[in-house]
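Every chain is numbered from 1 and lettered A, B, ... according to where its sequence line falls, protein lines coming before strand lines.
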Amino acid sequence: MEQIPQIPKEKFKLVHDENNAEQEKISTPSLTYMQDVRRRLFKNKVAVVCLTLLSIIVLISIFAPVIAPHDPNAQQVTLSNLPPKLGNLNIPGMNGYQNMGGKMVDAYKQAGAPKGTSFILGTDYLGRDLLSRIIYGTRLSLVVAVLATLVDLLIGVPYGIVSGWKGGKTDTFMQRIVEIVSSIPNLIVVILMMIVLKPGLTSIVIAIAITGWVTMARLVRAQTFQLKEQEYILAARTLGEPSMKIATKHLIPNLSSTIIIQTMFTIPNAIFFEAFLSFIGIGIPAPNASLGTLLSDGQKAFRFLPYQMWAPAIILSIIMIATNLLGDGLRDAFDPQSSDH
Amino acid sequence: MTKYILKRILYLFLTLFIIASLTFFLMKMLPGTPFSNQNRMSADQLKIVKAQYGLDQSVGVQYVRYMVGLLHGNLGTSFQFNNEPVTALIGQRLAPSMQIGAQAMIVGTVFGILLGAVAAIRKNTWVDTLATFISILGLSIPSFVLAVLLQFYLAYKWKIYPVALWDNFQSSILPTLALSALPLGTVARFMRTEMVDVMSSDYIELAKSKGNSSWRVVAKHALRNSLIPVVTIIGPMAVSVMTGSMVVENIFSIPGIGEQFVKSITTNDYPTIMGLTIFYSFLLIIVYLIVDILYGLIDPRIRLGNGGKE
């Protein structure tokens, strides 16, 4: 009889068990909802580009006093309407030359500007540095947008929550108000408010906020209606949580995606209204610059000095496009089902 | 349906009443005076002028008067523009605004539908990307920025269209283009989403499996069913076109109501501001009403909802 060779114990391996463990292992870390949202947002290239662009613009406006090369309101009438000039670089369109009667003339020399003066985006009709004005103008437009959005949130969110939470007669009454406010054209109310109030930052914010909260209130109400029926809300109620606590602890966190997305669409809206009001001359009063006033000034002189119109038009368009696209990206990130890709 | 329409009309009057009252009292709160050469008038003269416009009575009396006048279709008399009745002023200036507005809506909607449909059919290709990009541009760039750029290139530089003139169809092209960008973007985007949904539905599969050509499927089934929801966004679009036309009319010097409105604001002409505010609101509410009724007729499910809103 043949001897069965002794097989060392360590040569035995539990095949199944290890395979199972391998299969069952969770290889990716578990993500919270917010982490998942962030991951989806950063996967979206367009949204990332917009986010970067907007961050740069916001940073520049925050640090405007450091970055702006000149005082935006300092007038030097002798140096008025100078074309863009970037140092001593000889780039067509950026070399300080201007077409005068068919000939290219060095406008800086003609105005008797001291050697070495250069305005990257040129100067306006009062000799104010256009680049500095645009930086400060963007800052002002963004301030209006942020403030108007904040007021929107402060009115719209509580209004929507109360209306949705209470339901019944309160809701009907509150919704009638919303219906009436929303049937009055936004712009008309804004313009009327601007006529009554003194022109300026506060008035613009108030005027925009007066009509702006309606959409937010509507969305929040509809969402609250749905959330109200959820089990965890029922549990909280059964445990005797006061309504106020339910609203802040359970409703608002679950409403956050709706609120954030709507905010991203309120911001370009506010920027548009500010630019619009300033463009027709009832917005930000002189001498302060906003994108709207700069554009309006540029439009008046566009035949001979088109550079004065280009810069504010481009910046305004970039901000509008970037916020809209970022809003889209956020919506897709918060609610993957909404995207149809 | 009749009950619903009646209810809506009732709301229409209620809203108009509130708007009219609101504008009236807001205008009374205004600082300053509409009489620009007040300093040169003696106290007696001022009294006479004020009496002429009925400004010597108490606010309450003025309010009742204004409201009664409103019921009779009388919006008061302009302080600035040759003492003309506001209604006459609006009447003269309505046609150009309506023309540009209608043209912009038609151009924007038609091309928006085409753009959206093409994007949906060629989903996730470069055609789709391009179409989406165009619609984002249309949505984002304010109409007045576009108007200024169009004026500079097409009118001033290349001299294809007049810079700022109002006489024939030629002169209405630039303002129409500037205003149609927003409806175009909105419709294209909406249309794409709708159509992508429709294209993946069962009845499209069925139509395809029955051997219909893809062109026929799109034209007969997909396009038609995607178009219905587009009706809902006509209302908000009309609002934005009207908003845009205020400043676009100014840029192109078009004698429309938008230009008049801006002019009245800068000259403190209260009766005209009030009249135009009420008129604009009236127009908008009517547009919303028509759109809601239309939608109710097209899609019966909406009638069962809560008041056609939301």
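Distance check, rounded to the nearest 0.5 Å: CD1 of A:Ile318 to OG of B:Ser140 gives 11.5 Å. Expressed to the nearest 0.5 Å, how far CG of A:Leu325 lies from CD1 of B:Ile136 amounts to 4.5 Å.
Chain B forms the most heavy-atom pairs under 4.5 Å with one residue out of A:Ser317, A:Pro268, A:Ala322, A:Pro312, and that residue is A:Ser317. Chain B forms more heavy-atom pairs under 4.5 Å with one residue of A:Asn324, A:Ile282, A:Ile319 than with any other, namely A:Asn324. Across B:Leu146, B:Val247, B:Val262, the residue that shares the most heavy-atom pairs under 4.5 angstrom with chain A is B:Val247. Note: B:Leu149 leads B:Leu139, B:Leu149, B:Leu14 in heavy-atom pairs under 4.5 Å with chain A. The candidate from A:Thr323, A:Leu316, A:Asp328 with the greatest count of non-hydrogen atom pairs under 4.5 Å with chain B is A:Asp328.
At most 12 non-hydrogen atoms from other residues, nucleotides or ligands lie less than 6.0 angstrom from CZ of B:Phe282. Counting heavy-atom neighbours within 6.0 Å of A:Arg176 CZ, excluding the residue itself, gives a total above 12.
Neither the backbone nor the side chain of B:Met242 comes within less than 4.5 Å of any heavy atom in chain A. Only the side chain of A:Leu295 comes within contact range of chain B, with heavy atoms under 4.5 Å apart.
B:Pro142 and A:Met320 get closest at one heavy-atom pair: CD-CG, 4.3 Å.
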Could you check A:Phe279 against B:Val145 for side-chain contact (heavy atoms from CB on, under 4.5 Å), going step by step and ending with a plain yes or no?
CA-CA 10 Å; A:Phe279 191 87; B:Val145 175; over 6 Å; no

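In this structure, B:Phe133 and A:Val46 have side chains that are not in contact, with every pair of non-hydrogen atoms separated by 4.5 Å or more.
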